[in-house]
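The structure appears right after this line, and notes come after that.
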Number of protein chains: 4
Amino acid sequence: MQKKQKKIVREPVQQRGKEKKAKIITAARKLLNREDYETVTANRIAGEAGVSVGTFYSYFKDKRDVFLEVIRQYSEDIFGELIASIRDLKQGSSNLEEVVRSLILVAKKRHDHEKGLHKQMLVQSIRDPEIRELSYIEEGRADSLIREILDQYKDQIDVKDPDAAIFLVTNCVEEMIHHLIIHGSEIPEERVFEELARMVYRYLARP
Amino acid sequence: MQKKQKKIVREPVQQRGKEKKAKIITAARKLLNREDYETVTANRIAGEAGVSVGTFYSYFKDKRDVFLEVIRQYSEDIFGELIASIRDLKQGSSNLEEVVRSLILVAKKRHDHEKGLHKQMLVQSIRDPEIRELSYIEEGRADSLIREILDQYKDQIDVKDPDAAIFLVTNCVEEMIHHLIIHGSEIPEERVFEELARMVYRYLARP
Amino acid sequence: MQKKQKKIVREPVQQRGKEKKAKIITAARKLLNREDYETVTANRIAGEAGVSVGTFYSYFKDKRDVFLEVIRQYSEDIFGELIASIRDLKQGSSNLEEVVRSLILVAKKRHDHEKGLHKQMLVQSIRDPEIRELSYIEEGRADSLIREILDQYKDQIDVKDPDAAIFLVTNCVEEMIHHLIIHGSEIPEERVFEELARMVYRYLARP
Amino acid sequence: MQKKQKKIVREPVQQRGKEKKAKIITAARKLLNREDYETVTANRIAGEAGVSVGTFYSYFKDKRDVFLEVIRQYSEDIFGELIASIRDLKQGSSNLEEVVRSLILVAKKRHDHEKGLHKQMLVQSIRDPEIRELSYIEEGRADSLIREILDQYKDQIDVKDPDAAIFLVTNCVEEMIHHLIIHGSEIPEERVFEELARMVYRYLARP
DNA sequence: AATGAATGAGCGTTCATTCAT
DNA sequence: CATGAATGAACGCTCATTCAT
């Protein structure tokens, strides 16, 4: 007789409510930076945020719902950093090799904070299409920025398949950074990044 | 509740016991190829293997324990494939560009079977240090094989930091393959691989 | 947790308060006509009435409290209908058989509106003594009306135990109507009512 | 990735398991005879039965599932009683009036035990189609027995619409009994039943 | 008076693990 | 050795009710 009544999630209009919602997101972000997504429970997020479970569920549909929000915020944060770093680059030197090296360092810097959270994001983006979608959006935005930069050096660049090249280069850099975050390396990071820059430069540069 | 007393796990000495253990591993492998690690339960593995949960727990400490075993076997299998493929390469052409291209295709081929299982392995290796350890061992073995191959072409190669270079090149290729397995790409795979080969070749080759 | 301290329920003296209370009752009545008592929540009644839960709880002790009020009103309403219908009957024919048939139709007509609410009332009157009490009062009033009518035909009536007879006849009719509301029937309603009238008439009539 | 995996309910094959399942059903029956369906929880049924919740859920899908089983058993029990009583009736007197009176008493006797449970069954049969179905089946079986009996007296019976008549008479009797179980009456039960018998007899009998 | 955010006990349910048979 | 019934802590989630604003 009764139909499944869409779950109602309160959208806080008042100041107090907004603060609570923010507190919950912060608590979730903290916990997700420390431990695996699966071991974090709604109850513990609420506890960490100093609110009751009921409150948690009045602002979020479930654990995944907060996680999405956390990722949105986190993406926003690191994208902000990216923008700032890129801005500095634009007025910089007109040497392609230098620019490539700088872009890699910028990409690396983006992942320096909250490595644990980043890990969880990577893992869940493998499993959860909606989370993957979020990552895509952020990556897309980053990609166009990078493309913009490289465009300024197009007279120094010579590749056969530009679309594949940009896809390859951005993801190679990204994945190497993830690899180092997640697995570390016996060889000191700087040396790896040095070679990475060299590889990318040689690939892009007119011989 | 977790670590009470050291759990006694029987090591099957008799033939029958060994067969049972193998059946359980196979069942787990099958399930892990189909669904996420978390959703696979001990009961279902036992069911799939046609034995009781009790039997399961007499051969394995817990779910993670079988997973480790599954990964060990899987690594062994794909390493076997790798050896075979490499052997063919050794008698092949003496052109560095061709060899790089071939090595990448070999690496790609290794991931063509049991993609689901591979995914689970990647995810868990992010989270579980012991699983990561397993991956290291296998990677190390693969690395030395590749090093061996490249050594044959050392006169055509010119890199400043050979250790960093080999680490970079192998992991870049590996991670790009993982990226394509997990996230796919809008650009056709062949074009990406073509550019990847070009990039690696230009990087290694004496200019 | 249940009965702590005597809950203070405001009795609205002002016009505005009375209107609010009425709006809440109307909202509850609407919801209870649509779905089961258990699935209706205080929050949703308040929402439907356009007031806050807090307001709800300042006018009613709890969910049951509104339900009692809803039933009181509903009883009042259908009793009103009954009175009107009976009034028409009084000037009617002096034939006992006709009167019985008419009374049954009147009883039936009473249940034609808000069948859902009626169902809930029946169910809860089975479980909640106070709700049962409310039904009694209304039934008692209906009974005396019917008794009054039948008194006009007492020369055509011949029963051994008049009190038991009136109890029997009224409840039989009532329960058959409920049965048809709740369970329906494979045999068309009209035929059942036709036979019901015949049965009651034969029972009451001097042979 | 994982589909909703049909809930597996263990069907006990061993003696021990069957006993446990029976204990749970008995516990549920006991609780449902004492209190409302809604207030009985799976946990409390398990507690009353002296088993764990887990055990409960390995034998039953949910609360409703046990309730269905309880009703099935209860129906079986009272139908057994009915058969026994009817058997006695068959060799009895050949007087229609006597038979009607006896059938009513038999029907009444069926409801003498576990009135609370019967109440819950009536209530839920209003709300849950599957429970209603169960009641129908039992009623159907009872109906055909009664029809069989009345057939023996068909020369003394004279009704215009036999199908409607049997529907009317059986349900009237049934509902009056329910009414008395649930609401009681100010007039002593015997007098009501006496008049009920008289009414039904007069209705059926050739005048 | 009115609000609606906040509470938290308690629901239904699952599953890793044990242990009597 | 093998079985699978039994356990129970712990999960996600709801809703009647309160109380600071």
Side-chain angles (χ1 to χ4, degrees), chain A residues 5 7-8 10 12-21 38-39 41-44 46 50-64, chain B residues 1-2 4 7 10 12 14 16-17 20 38-47 51-64, chain C residues 1-2 4 7 10 12 14 16-17 20 38-47 51-64, chain D residues 5 7-8 10 12-21 38-39 41-44 46 50-64:
Chain A
Q5 179 80 19
K7 174 79 180 289
I8 288 136
R10 198 189 308 153
V13 274
Q14 313 218 338
Q15 192 51 32
R16 274 228 349 274
K18 272 190 182 148
E19 275 164 24
K20 281 249 151 96
K21 191 168 180 181
E38 278 79 14
T39 69
T41 71
N43 268 284
R44 282 186 41 237
V51 302
S52 68
V53 229
T55 301
F56 176 92
Y57 279 101
S58 72
Y59 287 117
F60 299 97
K61 202 165 59 57
D62 51 28
K63 192 172 70 168
R64 187 171 160 277
Chain B
M1 184 113 289
Q2 215 78 303
K4 275 185 173 178
K7 176 75 178 294
R10 199 183 325 131
Q14 311 223 340
R16 280 231 343 275
K20 272 201 174 143
E38 280 79 15
T39 70
V40 175
T41 71
N43 265 288
R44 285 189 27 241
I45 295 173
V51 301
S52 67
V53 230
T55 302
F56 176 93
Y57 275 96
S58 72
Y59 286 117
F60 299 96
K61 199 164 61 55
D62 51 29
K63 201 170 72 168
R64 186 172 157 277
Chain C
M1 181 115 292
Q2 215 77 306
K4 277 187 173 177
K7 176 74 177 292
R10 197 184 327 132
Q14 311 224 338
R16 281 230 344 272
K20 271 200 177 147
E38 280 79 14
T39 71
V40 174
T41 71
N43 265 289
R44 286 191 26 244
I45 294 173
V51 301
S52 67
V53 231
T55 303
F56 177 93
Y57 275 97
S58 73
Y59 288 118
F60 299 97
K61 201 164 57 57
D62 51 28
K63 202 170 73 168
R64 186 171 158 277
Chain D
Q5 179 79 18
K7 175 78 181 292
I8 288 135
R10 197 189 309 155
V13 274
Q14 312 216 339
Q15 192 52 33
R16 273 230 345 278
K18 274 190 181 150
E19 274 164 23
K20 280 250 152 96
K21 190 168 180 180
E38 278 79 15
T39 69
T41 73
N43 269 283
R44 284 184 42 235
V51 301
S52 68
V53 229
T55 301
F56 177 92
Y57 278 101
S58 71
Y59 287 117
F60 300 96
K61 202 165 60 56
D62 52 26
K63 192 172 71 169
R64 187 170 159 277

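Values in this document were obtained by computation on a predicted structure and should not be read as measured data. Naming convention: chains lettered A, B, ... in sequence-line order (proteins, then strands); numbering from 1 in each chain.
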By nearest heavy atom, map A/Asn43 and C/Val40 onto DNA chain F; which one lands nearer the 5' end? A/Asn43
Going from CD on B/Glu38 to NZ on B/Lys63, what distance comes out if it is rounded to the nearest 0.5 angstrom? 6.5 Å
By nearest-heavy-atom nucleotide on DNA chain E, the more 5' of B/Val53 and D/Phe56 is D/Phe56
Tell me, please, whether A/Phe60 has A/Lys21 positioned over its six-membered ring: NZ or CZ under 6.0 Å from the ring centre and within 45 degrees of its axis? yes
Starting at atom OH of D/Tyr57, determine the distance to atom C1' of F/dG4, rounded to an integer number of angstrom. 21 Å
5'-most contact on DNA chain F (nearest-nucleotide basis), A/Lys63 vs C/Glu38, goes to A/Lys63
Residues in side chain to side chain contact (heavy atoms under 4.5 Å, CB included) with A/Val53, at least two apart? A/Asn43, A/Tyr57
By side-chain hydrogen bond (donor to acceptor under 3.5 Å, both in side chains) - contacts of A/Thr41 (at least two apart): none
What dot-bracket string describes DNA chain F from 5' to 3', counting Watson-Crick and G-U wobble pairs whose defining distances are under 3.5 Å, with [ ] for crossing pairs and | for pairs to another strand? .||||||||||||||||||||
Taking only side-chain N and O atoms of D/Thr55, does any of them lie within less than 4.0 angstrom of OP1 or OP2 on F/dT7? yes
Rounded distance (Å) that lies between atom P of F/dA10 and atom CZ of A/Arg44: 12 Å
Can you check the C/Lys61 NZ to F/dT18 C1' distance for me, whole Å? 15 Å
Heavy-atom closest pair (A/Thr55 atom, A/Lys20 atom, distance to 0.1 Å) is CG2-CD, 4.3 Å
